[in-house]
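Chain identifiers are assigned alphabetically (A, B, ...) following the order of the sequence lines, protein sequences preceding nucleic acid strands; residue numbering begins at 1 within each chain. Treat the numbers as computed from the prediction; the structure is a model and nothing was measured. Just so you know, these numbers use all the heavy atoms, side chains as well, and skip hydrogens, waters and symmetry mates.
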Amino acid sequence: MIKLSYSNPILCRPADTVIVLDFETTGLSPTQGDRAIEIGAVMLKDGKVVDRFQQLMNPGFRISGFIESYTGISNAMLADAPSCEEVMAQFADFIGDYNLVAHNASFDQRFLDAELKRINCHYLGQFACSMLIARRLYQAAPNHKLGSLVSYKNIQHDGVFHRALADSEMTASLWLAMLEDLQQDYQLHSPDFGLLQSIAKQTKANINQYLQRQG
DNA sequence: TGCCAGGCCCTCTTTAGGGCCTT
């Protein structure tokens, strides 16, 4: 994969390509010893999935029964999986310096940063959070969990939840739905990564006024 | 059995508290 270096990571990075990713982990906090057990990601280019990445990884210790039940990933499945270090090195090559998207991105960013730090690797892409943007665009949704938003937007899925690739595919579909809604509802002809990032930072009260100004 | 984190947002706020969301 060609790696590009620019002085402005948001404006100069290829705006038509983003990586949508999702981690399954042993718990909620890498600072408390939790590790990644699966990474899934899709590459979106010009609104289409052009590449995928999915890999289980062995965290080096047994995962809890809660996580086995929650994700469907068992200790037996992880026993023969490659190490986190091996998988994350491959994943770092996959994401390159592209911009990144995740649902509740602060969670995935913490694990991405922690796992890449262990192998002395880093990335230059910027993160956008589909949950924060959905909170602005879909204020009538019952809540802003990924599964709820998938139902709210009538996004097709195969019924698999809490697996890394399945969740990243659904997040990618949600991302594209938000782009489409911005084009249709606010006549934004070319909503890009930077605009979606800025939408997340607007207040709930002024989001419509902000979008109309953008249009 | 129930809790463990962290960032963001909203409001009955700003010298704060609590809910949401992720595994």
Side-chain angles (χ1 to χ4, degrees), chain A residues 19-42 53-78 81 84 87-88 91 95 100-118 125-153 155 157 160-175 177-178 196-211:
Chain A
I19 304 285
V20 186
L21 63 92
D22 183 70
F23 276 104
E24 304 304 316
T25 71
T26 64
L28 295 173
S29 175
T31 61
Q32 299 295 311
D34 289 317
R35 299 294 303 273
I37 58 174
E38 187 182 41
I39 179 67
V42 298
F53 187 101
Q54 181 183 30
Q55 184 62 59
L56 290 169
M57 54 189 117
N58 190 328
F61 54 87
R62 291 183 61 81
I63 63 175
S64 69
F66 171 79
I67 293 297
E68 282 189 310
S69 175
Y70 187 81
T71 64
I73 299 170
S74 66
N75 281 290
M77 294 165 65
L78 296 176
C84 294
V87 172
M88 291 309 299
F91 188 62
I95 63 175
L100 307 170
V101 175
H103 200 69
N104 197 15
S106 65
F107 174 85
D108 293 280
Q109 184 171 13
R110 282 198 299 278
F111 277 93
L112 181 63
D113 290 346
E115 294 293 349
L116 290 183
K117 185 178 180 181
R118 287 174 176 268
Q126 300 290 304
F127 255 102
C129 177
S130 58
M131 182 189 75
L132 295 179
I133 298 165
R135 278 179 174 170
R136 296 290 173 265
L137 298 184
Y138 306 137
Q139 296 180 20
N143 60 60
H144 299 89
K145 297 177 183 178
L146 179 59
S148 300
L149 289 167
V150 165
S151 298
Y152 182 72
K153 294 302 298 176
I155 291 171
H157 59 87
V160 176
F161 290 91
H162 305 307
R163 288 299 300 269
L165 182 59
D167 282 5
S168 62
E169 298 258 18
M170 287 187 286
T171 302
S173 295
L174 175 63
W175 178 263
M178 292 192 295
L196 281 152
Q197 270 196 323
S198 66
I199 286 173
K201 297 175 183 174
Q202 302 305 309
T203 65
K204 181 179 178 180
N206 76 359
I207 188 63
N208 283 328
Q209 289 181 337
Y210 173 79
L211 289 171

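Remark: A:H144 is not in phosphate contact with B:dC20, judged by side-chain N or O atoms under 4.0 Å from OP1 or OP2. Note on A:H162: a side-chain N or O is less than 4.0 Å away from OP1 or OP2 of B:dT23. OP1 or OP2 of B:dC10 has not a single side-chain nitrogen or oxygen of A:R135 nearer than 4.0 Å. OP1 or OP2 of B:dT23 has not a single side-chain nitrogen or oxygen of A:S29 nearer than 4.0 Å. Phosphate contact (OP1/OP2 of B:dC8, side-chain N/O of A:R136, threshold under 4.0 Å): absent.
Between the C1' atoms of B:dG19 and B:dT13, the separation comes to 15 Å (whole Å). Nucleotides B:dT14 and B:dC9, compared at atom C1', are 14 Å apart to the nearest Å. If you take atom C1' in B:dG7 and the same atom in B:dG2, they sit 23 Å apart, rounded to whole Å. For B:dT1 and B:dG18, the P atoms lie 27 Å apart once the distance is rounded to whole Å. B:dG17 and B:dC12: their C1' atoms are spaced 11 Å apart (whole Å).
Rounded to the nearest 0.5 angstrom, A:N206 CG and A:L211 CG are separated by 9.0 Å. Here the CD atom belonging to A:Q202 is positioned 15.5 Å from the CZ atom belonging to A:R135, to the nearest 0.5 angstrom.
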